[in-house]
Amino acid sequence: MEILIAIAIGTLTACGLYLMLRARTFPVILGLSLLSYAVNLFIFISGRIKLNAPPIIGEGSQYTDPLPQALVLTAIVISFGMTAVLVIMALGAYLTAGHDRVDTDADPEDQA
Amino acid sequence: MNLTIELLISALLIIGGSFGLIGSFGLLKLREPMQRLHAPTKATTVGVGASLIAAALTLLWQTGAASWQGVMVAVFLFLTAPLSGLMLAKAHRHLSRPDLPPTGTKAPWAGETPPKP
Amino acid sequence: MLTYALTFAIACFALALILNLIRLATAPTMPDRILTVDTMVINVIALIVLYGVQTHSTVVFDAALLLAMTGFISTIAFCKFLLRGGIIE
Amino acid sequence: MSQLLILPVILPAILAGAIILIARNTLNAQRAISILGTIALLALAITLIQAPTQSYFLGNWPAPFGIALVLDRLSALMLLLTATLALIVLIHTIRTGWDTKGRHFHALYLFQLMGLNGAFLTGDAFNLFVFFEVLLIASYGLMVHGGGEARIRAGVQYVAFNLLGSTLFLFALATIYSTTGTLNMADLAQKLPQIPANDTALIRVAAVLLMLVFAVKAALVPLQFWLPGTYANAPGPIAALFAVMTKVGAYALIRFGTLVFPTDLPATNTLLASLLYPAALATIAVGALGTFGTRSLPRQIAFAAIGSMGTLLLAVSAFTPQATAAALYYTLHSTLATAALFLIADLTRCRRDGMTAALYMAAAIAMAGMPPLSGFVGKLLILDALRGDAIAWAAILIASLLTMIGLARTGSDLFWKSPSTEAPAESKTAILLCLAALATLTIAAGPITSWLTLTAEALHAPTAYIAANHLGGTK
Amino acid sequence: MSRLFPHPMLSATLFLAWLLLAGSTAINSLLMAALLATLIPLATQAYWPSRPKIRHPLRLISYIALVLYDVIIANIQVARIILFMPADQIKSAWITVPVDLPCPEAIALLAGTITLTPGTLTAEFSADNKALLIHALHAPDPDATRAEIKSRYESRLQRIFR
Amino acid sequence: MSLALIAALPFLGALTPALTQRFGRSIATLTVALFTAAALALILNHLPAIIVGDTVTTQINWLPALGLNANFRLDGLALLFALLILGIGLLIQAYACFYLDKTEPYARFLTYLMLFQGAMLGIVLSDNILLLLVFWELTSLSSFLLIGFWSHLPQARQGARMALATTGAGGLAMIAGLMILGHIVGSYDLSTILTQKTAIQTSPLYLPALILILLGAFTKSAQFPFHFWLPHAMAAPTPVSAYLHSATMVKAGLFLLARLWPVLSGTPEWFWIVTSAGLITMAFAAKVALFKDDLKAILAYSTVSHLGLITFLLGLGTKAAATAAIFHILCHATFKAALFMLAGIVDHATHTRDIRALGGLRRAMPITFGLATIATLSMAGIPPLNGFLSKEMMLEEAAHTAPWVIPVLATLAALLSVAYSLRFLTYTFLGPIPAYSHSPHDPTPGLWLPPAILAALVVAIGAAPMPLAGWLVDAATSATTGEPIHAHIALWHGLETPALWMSLAAIGGALVTLGLYPALRRVWDATPKPQAKVIFDASLTALTHTAHTFTAKLHNGSLSRAFAAAVLTILTLGLYAYQSAESLPGSRALAAIAATPAVGFALMITAALAATALHRKRLLALLLVGIVGLILSASFAYLSAPDLALTQITVEVVTVALMLLALNFLPKITPHETPRLRKLRDASLAIGTGIATAALAYALMMREAIFPPISAFHLAQSLPGAGGHNAVNTIIVDFRGYDTYGEIIVLGIAALLIFALTESLLGTKWATRPDQSAGDAGDPHPIMLQTATRLILPMAMLVGCYLFLRGHNQPGGGFVAGLVFAIGFVLQYIASGQDWAAARRRIPYHAMIGAGVLVASFTGVGSFLAGRPFLTSNYTHIHLPPLQDFELATAALFDLGVFLCVLGAVMLALDALARLAKPQTAKDAC
Ligand code: NA
Ligand code: NA
């Protein structure tokens, strides 16, 4: 199982990074989403894996580490907020600039 | 008694699993997009439904505590599946523009593209 | 027997997911793909429920409930996108 | 345990919440709340800077299980710096009407202060991440305040790059938790030395990743790319406020570099210092060349800010009490100097009279490290602390020259070449306050540096910091 | 009473749903169910402005039972089509079903019923809500399908809703 | 204290013009003059003590940690310079009052002048080399302002920048040099340093320190090859040239050489570097001066030459030479300041400074002519003027110095000096009168009195050197050398002094040279000369260009490259950190791979890869990313993390809605535009990092934590301490509720940001209109959707309440509940439209966020009442018959804050985005 999860984390990271390296805002946003999936899984496994052991006291005899789960929850919420912000900013950039390239001019005032 | 329940649950599970698989198989097999829309209803209704009943019975049988949340799962699936179906059908129609029978009333079909002003 | 039936059911839905994947790869149109993902959601709901049976735990049922309640929204939103461009008008 | 410790965090949050709830459509009320809140924060900071090192156990849970705030000299200093700068910038914003150019300025501003204060106070590594995010997202909002193509597009880059940084932060924290089982910084400081010598690779990875996160915030080369576009395109007062944002990175580098990963820690040893040193040199170079080679004033200031971060971090990289003290002095100086320059740049958009020129001159002098202002003192302190390091000296001095020439050229083009335009007199109060603060730094350099020396010594021997973690949280 | 319970059926549904979710009929659960069954419809009544008149709630229940039965039967039929009928023999058809139901809720219920029973699917409404467009997976005789829908479902719904 | 006050007086004076300018120039000038005079008086007050060899000092601790102290000292050397600075300063103030045009910003000029005066005075009074550096740099800055005073002239701006760059660079070198000196000695106090000759000269750091200090001194004093800035500084108003560039600032370098003479001089290094620089400068600049036609240029090069002379003398390292140097500093200040002022007068009267266009002014301007004659002849070293005396002393020293080239060069320089001086005088005042645009005449006394005073000094010192200047030279030289010196200055030393013959040779040679001038001039004009300005400009331009290109290339605005650099750095350093240490192999037993999860993960990986490969089709990519999210949610459910599953599911829905809302506007296709090589680079970086991350994840999963994780406490205390069965939830709302507090604020801010940005977008004209042609189907609000969502909203709220209430003990909680509520409302938006849904909103979304923050905050603050820290939770079990007992926890109240904030934030953001989709409608305030 661990190998599978590691591969999943690696793939999500790689895909996310590749998309983040694209030149348009939308792929960058998608890339960040994939990357945040990867990191959420990564934080999650930092407490290691226990199957069928949810950290609900009294539901079983052993529990997975609840702390990383709490951290992932925070991370999910924050990355949700951040994604939303990036989306609206990408939208604003597109609407005002007329294109959705992420690259800006080196020194706009030099050209002027 | 135990065997009966076990048999019943097993049957439900097998029926549920089969219909779930048939649904996805139909999705693959059927040729026309509109036909494929019919397939997943099986997984939605009998597939998940049977599994849910099986789950409820199993838990009732094995832990002694009834779990009725499954009913709510089914309620939501039944409530929402027609909506997905409708919207997907609309999307299909919008993109492929098949010839439709007349409405039989004075009004057109609601999803038809309104004339440009 | 129950174990075998359960395994069978789980295998069916897992297989269904694989079929979905094939469909997804070969789907000719966008609505087809959306439909496939919609079906995937249902299959995953079934798998989650069956996993709960397998582990004698209802803890995961909430996940199934939420998926059932919210999964279709993405389908509708995608369709509405294809139909109207805007999903909220 | 004093409840005062939590106030720098929750006071702005409550005020911002109140603004959203009841005052979101009345500008004057927003301004009043904002100003009063910032003054209160300043008063709080002044109170706290006199307090001994102490912890605050949130939820009354003992460390390291709950989250602890730790107030020490360094965090108090950063609180004071933030509050001072915040008040100055806020005055400028209100007097220039920047806050009317978009919605929710004041709520975002207060949340920004909350995030900064939270980051400076926390004694928990993951909580630091949370407050980094608070301060970042508020800064995103302030950065695009008022809108406009260039600003929003620069904002996209700013956000995207920092999201990469935040993701890296999480990777690092997860690695730390996974290897050590704890997140409390003082707890880490106690546990890391016990790691077996033959099993340090993972914690080293975590240390490097974590420091890279802070390097992003501190705009350390080659992670500085986000800064020029952001600072140059942000609204003037916001760029001025952002002067403290890079310092958050510097703060975290200093905090972790002295508390958690000190140079005598067997696991990491001088790893971080040896990585920081060349990066700081490169940062100085990039900053100086940018200041020298750029013509638009805001961009130039942005590069000067990068250069000053390089100088600061060069001092940090020595990881000696003397160098740390110098770095802290330089932190105060470069924050205020950068802010002053940005405020002046904001003023020069419509006004280039003699008075503005004089203010510019003063701020540029400070920024370039020329006497008599604090930049010179800071530079001397760092040079003195880095004695014997010819490369460091050459880098700092040449950078100082390039910065001076660059700023002089821009200034002479701006105030001498182009005629002064007549525009309604805008308030210079904030700028004067900022320069007054710089002058105070200079005149009172003696007492300030001796205070900072004690601070640096406490940082390099953090027994009080660690001890404060064991004093409460009885639940 | 109608001001306190703008949608009595909804309140009943919510009451029941809460008990199902909570999985308990203890006094606390009943109280909470009653509370929510009162408060939620009140809080959301703006989002449900119309108030469908249901004449016979019991008939509604029997209607639901009928549909569930039909779902199972139809599933088997459609499964046979999917599994065993060659693709070129499947005769799909678009069918227009004129409807005459008093309220949107009833129309939606009919449309949902049609979709849930495998083999047919509501694909569209006429703009005036007087006709449904139905897609049948395999309908060699569209008129029969139309007639069955009208007689089996629509007429029942006409009797339930006013 | 008094020395500090003296040093402060000019700075205080600098503040006055802004206040006094309204009363007119005279008052303004008088006011600043008062400050200068006061400083002068206070200096003179110490005169008796200084003359007998005492040193007056003042100590103020400024920055003891560094050793930068406001220590001042007044000794003979400082006295000499202070008198020059303040005395000539007074004359300059008077002169400037009449010189500057009425339209000029005179107050600003006076301010700059006083700033400079203060800085200069500070240098000479400093008893701490760091303090000296402060003032040193201040002179660079204030001279920058003064040179650039006529800022409308390009040459003024350029001259100012050139001076600043050159002296600034030297100043920075000097910082290094002086700090090294301080490090050698262990103190930055001059009083200490001056006693440490042996320590300094035996230190291995002596040579670097010497070179760096000399760089500072030579740039300031315009020594070859740093001389080029001085002639360009002549773009300054003449009073500035007279003050800074003849009498004072350029002598700061000499002052420094003299100041440090006791500890730096006497070594071969010192001798060779300083004398050669001085000698070359002296001869070279004199030669250039001979061929200049601009009055001020001649004077400028002459100044350079004389500075060289003094430098040369200081380099010799003997006491006699030092005496000569000191004396010449005094003499040069008198005649050169006068000459500059006179050149200014000529300029004023004739509107030209080109000596080829001048001539015959002796009749029109007799006073000027008389004064100029005295000063020029002194410059030429003609007896009996003071310039002669000091030049004789120089030649005498040169004559006794080997090798022979030194006396020869010195004589040659003297020759050239005589030649250019005579040329200066004759071309301007003698010969025929050219056609002036208006008739020139002598100026008002205000302009000629200051140079007259100086000329009087020139004559007087020449006539009676010992009574007038002997005491001052003695005091200054004693202070310079550190030993009591009694100079003997006289006109006549007898026939056997070589200097006499060298002087005569120089005068004779000069006459010959002037006779041959036309021929020499042709040769000169025909000789290609490296133009220092051209070289300086070219190198500065090249440097600027390089810096600009470098910066523009480096910061080319490419986010992808910034990402690539960051990722590469992270990857490289991460690998390095790992490689450079040991690690034990992991030993944990791994979980078995079941078939179904394997299918799930395979699906997730495939979907991620497909989304990457097909990312150009944006809608499809979004759908595929949605699959990843779906499987991830299921994985969390499978991996014993039900709370995560719930959260992921609900967040996913809202995220997709958000992305689709945005994609409505954005292009639906990403164009092909990246070159293959770039893709290869990106792919390698991505894959490399992916592999590293996977390896790290695997390594972590393979091993237990080195120390017992703190979460054991959370599990143990969840029920007894925090009153909840769900340990994840108790961590979120209690153990680490503070994290959650920050997290909801992040969400709230996100919503505010989205709202604010939307508002600003609604107010602007867009470059792009959304492309609506793709979706032109009718029926925006299908009736079935509308009807069904009326039922789904209450059901969703019910489920939300359910998840909220049980969250403490089972999966759920305020966050998920808020999202479920939000999803119910979002459905209303989707089904019935923004107008319809927004019109039915009872509570503004803003208010929900605000209320959420406040509820959470005040729940936390509530524990203050019990004297507990923020967010200390409390719970109790209530027994209310006939009810079963139930739990009331403050954590639930906190969770309510979370709930409100989440609901408000999601709705505010979506509502804002939805409003963006129809910008034609009026803004509805929330
Ligand atoms: Na169907
Ligand atoms: Na059907």
Side-chain angles (χ1 to χ4, degrees), chain A residues 1-2 4 6-15 17-21 23-24 26-27 30 33 37 42 45 48-51 53-58 63-67 69-70 72-74 76-78 80-81 84-85 87-88 91-92 94-98 100 102-107, chain F residues 552 555-560 563 567 590-591 593 601 604-605 608 612 615 618 621 625 628 632 640-642 644 647 651 658 662 665-666 670 682 686-687 689-691 693-694 697-698 700-701 711 714-715 718-719 725-728 731-732 739 743 746-747 750 753-754 757 761 766-768 909:
Chain A
M1 202 63 218
E2 277 82 354
L4 211 53
I7 292 174
I9 291 173
T11 312
L12 290 173
T13 307
C15 292
L17 282 179
Y18 183 80
L19 287 179
M20 281 178 71
L21 290 164
R24 301 280 172 158
F26 197 78
L30 286 186
S33 297
Y37 290 147
F42 189 89
I45 60 92
R48 290 152 197 92
I49 291 172
K50 270 185 198 162
L51 295 180
I56 312 287
I57 309 299
Y63 310 105
T64 49
D65 192 336
L67 185 56
Q69 295 192 21
V72 174
L73 278 180
T74 303
I76 290 178
V77 177
I78 287 177
F80 165 65
V85 164
V87 166
I88 180 73
L91 190 53
Y94 175 72
L95 291 177
T96 51
D100 63 344
V102 286
D103 295 354
T104 55
D105 297 329
D107 191 347
Chain F
H555 291 258
N556 65 350
S558 166
L559 181 67
S560 337
F563 275 149
V567 171
L590 300 184
I593 300 180
F601 275 106
M604 179 157 81
I605 290 168
T612 310
H615 77 270
R618 295 181 172 182
V625 171
V628 179
L632 187 65
S640 321
L644 294 191
T647 311
V651 162
L658 201 82
F665 295 87
L666 295 172
T670 304
D682 297 345
I687 292 170
T689 314
I691 292 172
T693 315
Y698 187 69
L700 294 179
M701 283 186 281
S711 52
H714 302 136
L715 283 168
S718 180
L719 200 49
H725 285 86
N726 182 352
V728 174
I731 292 177
I732 284 172
D739 275 347
E743 158 198 330
V746 167
L747 215 51
L753 191 170
I754 291 171
L757 189 55
L761 286 173
W766 295 345
T768 311

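Chain letters run A, B, ... following the sequence lines, proteins first and then strands; every chain starts at 1. All of these numbers come straight from a predicted model, not from anything done at the bench.
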Which of [options] touches chain F most, by non-hydrogen pairs under 4.5 Å:
options	value
A:Val87, A:Ile76, A:Thr74	A:Thr74
A:Val77, A:Val102, A:Thr13	A:Val77
A:Leu51, A:Thr64, A:Ile9, A:Ile78	A:Leu51

Shortest non-hydrogen contact from [X] toward [Y]:
X	Y	answer
A:Leu12	F:Met604	CD1-CE, 4.4 Å
F:Thr693	A:Phe42	O-CE1, 4.1 Å
F:Ala694	A:Ala6	CB-O, 3.2 Å
F:Glu743	A:Leu73	OE2-O, 4.4 Å
F:Leu715	A:Pro55	CD2-CB, 4.4 Å
F:Pro642	A:Pro54	CD-CB, 3.9 Å

Sort [X] into side chain, backbone, both or neither according to what part of it lies under 4.5 angstrom from a heavy atom of chain F.
X	result
A:Tyr18	both
A:Thr11	side chain
A:Ala97	backbone
A:Ser33	side chain

Report yes if the side chains of A:Phe80 and F:Leu747 come closer than 4.5 Å at any heavy-atom pair, otherwise no.
yes
A:Tyr63 side chain reached by F:His714 side chain, heavy atoms, under 4.5 Å
no
Could you grab the distance from atom [atom1] of [X] to atom [atom2] of [Y], nearest 0.5 Å is fine?
X	Y	atom1	atom2	answer
A:Thr96	F:Leu761	OG1	CG	7.0 Å
A:Ile88	F:Leu658	CD1	CG	8.0 Å
F:Ser640	A:Ile56	OG	CD1	10.0 Å
F:Ile732	A:Gln69	CD1	CD	9.0 Å

Select, from F:Ile593, F:Asp682, F:Val746, the one with the greatest count of heavy-atom pairs under 4.5 Å involving chain A.
F:Asp682
May I ask you to name which of F:Ile754, F:Thr647, F:Ile691, F:Asn726 has the most heavy-atom pairs under 4.5 Å with chain A?
F:Ile754
Of all residues at least two apart in sequence or in a different chain, which pass the side-chain hydrogen bond (donor to acceptor under 3.5 Å, both in side chains) check with F:Ser718?
F:Thr730
Applying side-chain hydrogen bond (donor to acceptor under 3.5 Å, both in side chains) to F:Arg618 and not counting sequence neighbours gives A:Asp100, F:Thr670
Where does [X] contact chain A at under 4.5 Å (heavy atoms): side chain, backbone, both or neither?
X	answer
F:Leu753	side chain
F:Ala621	both
F:Phe563	both
F:Leu666	both
F:Val625	both

N/O donor-acceptor pair under 3.5 Å between A:Asp103 side chain and F:Leu559 backbone
yes
